[in-house]
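Reviewing the structure listed below.
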Amino acid sequence: MACFAYDYDAFADQPRQQRDWDCSAAAAAWMGRALTWGWEELDVAWSFVDQGIATPELGLLDGTGAGIVRWLSMQPFSAKNSTIEWSTLIDRDWSCPLIMGSTRWYHWTGVRGMDADGNLRLANSAPGWASVYQTMTVGQFQHFGDFWAVQPTA
């Protein structure tokens, strides 16, 4: 599948995150792998630290994903961040990767698309965090509430 000028593999590998603070970096690294670049979690995490986007003590410093967008702008593509609603996810064209996080969930994950049951298929680097594994139901989404998404732009 194509995402703008890039190949996109929604089923790109997402290993378990290696640090308890770097879920946003793991999600961003998944996005890179899904676009066929060899990004690794710890490389992205330490780059986030160097750029002032995250710290080992606090994790991602801006829960809106604005720092992730800034970091991605230094990579081969641009991206945008915005709040995201379930209805937007249901209607979304899944030809490009999306990562999302919530301050109430205190976690970021890749989103591969929707499954046949109407749940989100995740590329979750911390399966089981707050009882969310590799899918997320509408009830879980509503419970954690304030989701922000980062996605590539043309």
Side-chain angles (χ1 to χ4, degrees), residues 3-4 6 8-86 88-89 92 94-114 119-137 140-154:
C3 174
F4 304 112
Y6 308 106
Y8 171 50
D9 176 8
F11 297 99
D13 187 41
Q14 176 60 305
R16 286 185 171 269
Q17 67 189 62
Q18 298 177 48
R19 302 287 186 268
D20 63 357
W21 59 271
D22 74 345
C23 59
S24 59
W30 171 79
M31 180 182 280
R33 284 190 303 280
L35 294 171
T36 69
W37 301 311
W39 295 357
E40 296 296 331
E41 168 197 342
L42 292 180
D43 295 333
V44 175
W46 293 116
S47 184
F48 278 15
V49 170
D50 289 344
Q51 296 295 319
I53 295 165
T55 68
E57 298 79 21
L58 299 173
L60 188 66
L61 298 176
D62 181 343
T64 70
I68 299 171
V69 168
R70 184 167 47 85
W71 184 83
L72 288 170
S73 73
M74 295 180 271
Q75 309 310 314
F77 64 88
S78 60
K80 68 176 182 175
N81 63 313
S82 60
T83 58
I84 192 119
E85 301 295 328
W86 187 264
T88 304
L89 292 167
R92 186 174 192 275
W94 290 99
S95 62
C96 283
L98 176 137
I99 62 175
M100 69 178 197
S102 162
T103 55
R104 288 180 57 198
W105 189 26
Y106 199 65
H107 187 55
W108 277 78
T109 186
V111 184
R112 301 177 191 276
M114 302 292 288
N119 301 312
L120 292 176
R121 288 183 295 121
L122 304 179
N124 189 358
S125 63
W129 176 256
S131 299
V132 176
Y133 290 85
Q134 295 300 338
T135 59
M136 180 178 279
T137 67
Q140 289 169 320
F141 185 90
Q142 290 170 340
H143 174 74
F144 293 115
D146 65 335
F147 280 93
W148 283 82
V150 172
Q151 54 197 322
T153 57

Q) Between Tyr106 and Trp129, does the ring centre distance come in under 6.0 Å? A)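 No, the ring centres sit 6.0 Å or more apart.
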Q: Scan side-chain atoms only and decide if Gln151 and Arg92 contain a donor-acceptor pair under the 3.5 Å cut-off.
A: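 The criterion, which ignores hydrogens and geometry beyond distance, is satisfied for Arg92 and Gln151.
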(Q) I'd like to know if the side chain of Thr137 pairs up with that of Asn119 as donor and acceptor (distance under 3.5 Å, no hydrogens or angles considered). (A)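 There is no such pair between these side chains.
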Q) Between Ile99 and Trp148, does a side-chain contact (heavy atoms from CB on, under 4.5 Å) hold up when you go through it step by step? A) CA-CA 8 Å; Ile99 62 175; Trp148 283 82; over 6 Å; no
Q. Given the rule in the side-chain contact (heavy atoms from CB on, under 4.5 Å) test, do Ile68 and Leu60 qualify, once you have shown the distances and angles that lead to the verdict?
A. CA-CA 9 Å; Ile68 299 171; Leu60 188 66; 4.1 Å; yes
**Q.** Leu98 and Ile84: CA distance, side-chain angles, deciding distance, side-chain contact (heavy atoms from CB on, under 4.5 Å) verdict
**A.** CA-CA 11 Å; Leu98 176 137; Ile84 192 119; 4.1 Å; yes
Extract all donor-acceptor atom pairs below 3.5 Å that involve side chains of residues 41-50 and protein atoms in other chains or at least two apart in sequence.
from  : atom 1 : to    : atom 2 : distance (Å)
Glu41 : OE1    : Gln18 : N      : 3.1
Glu41 : OE2    : Gln18 : N      : 2.7
Ser47 : OG     : Trp71 : NE1    : 2.7

Q) With Ser125, which residues qualify under side chain to side chain donor-acceptor pair (under 3.5 Å), at least two apart? A)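 Side chain to side chain donor-acceptor pair (under 3.5 Å) check on Ser125 returns Gln17.
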Q) What residues, two or more places apart in sequence or in another chain, satisfy side chain to side chain donor-acceptor pair (under 3.5 Å) together with Ser73? A)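 Ser73: no side chain to side chain donor-acceptor pair (under 3.5 Å) contacts found.
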Q) In Å and rounded to the nearest 0.5 Å, what is the CG to CH2 distance from Leu35 to Trp30? A)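 The CH2 atom of Trp30 is 8.0 Å from CG of Leu35, to the nearest 0.5 Å.
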Q | Minimum heavy-atom distance Thr153-Phe4, with the two atoms named | A |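 Closest heavy-atom pair between Thr153 and Phe4: C-CE1, 3.5 Å.
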Q. Counting N and O atoms only, with roles assigned by atom type, does the side chain of Arg33 sit under 3.5 Å from a partner on the main chain of Asp13, one being a donor and the other an acceptor?
A.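 Present.
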Q: Just do the side-chain contact (heavy atoms from CB on, under 4.5 Å) check on Met100 and Phe141 with the steps written out, would you?
A: CA-CA 11 Å; Met100 69 178 197; Phe141 185 90; 4.2 Å; yes
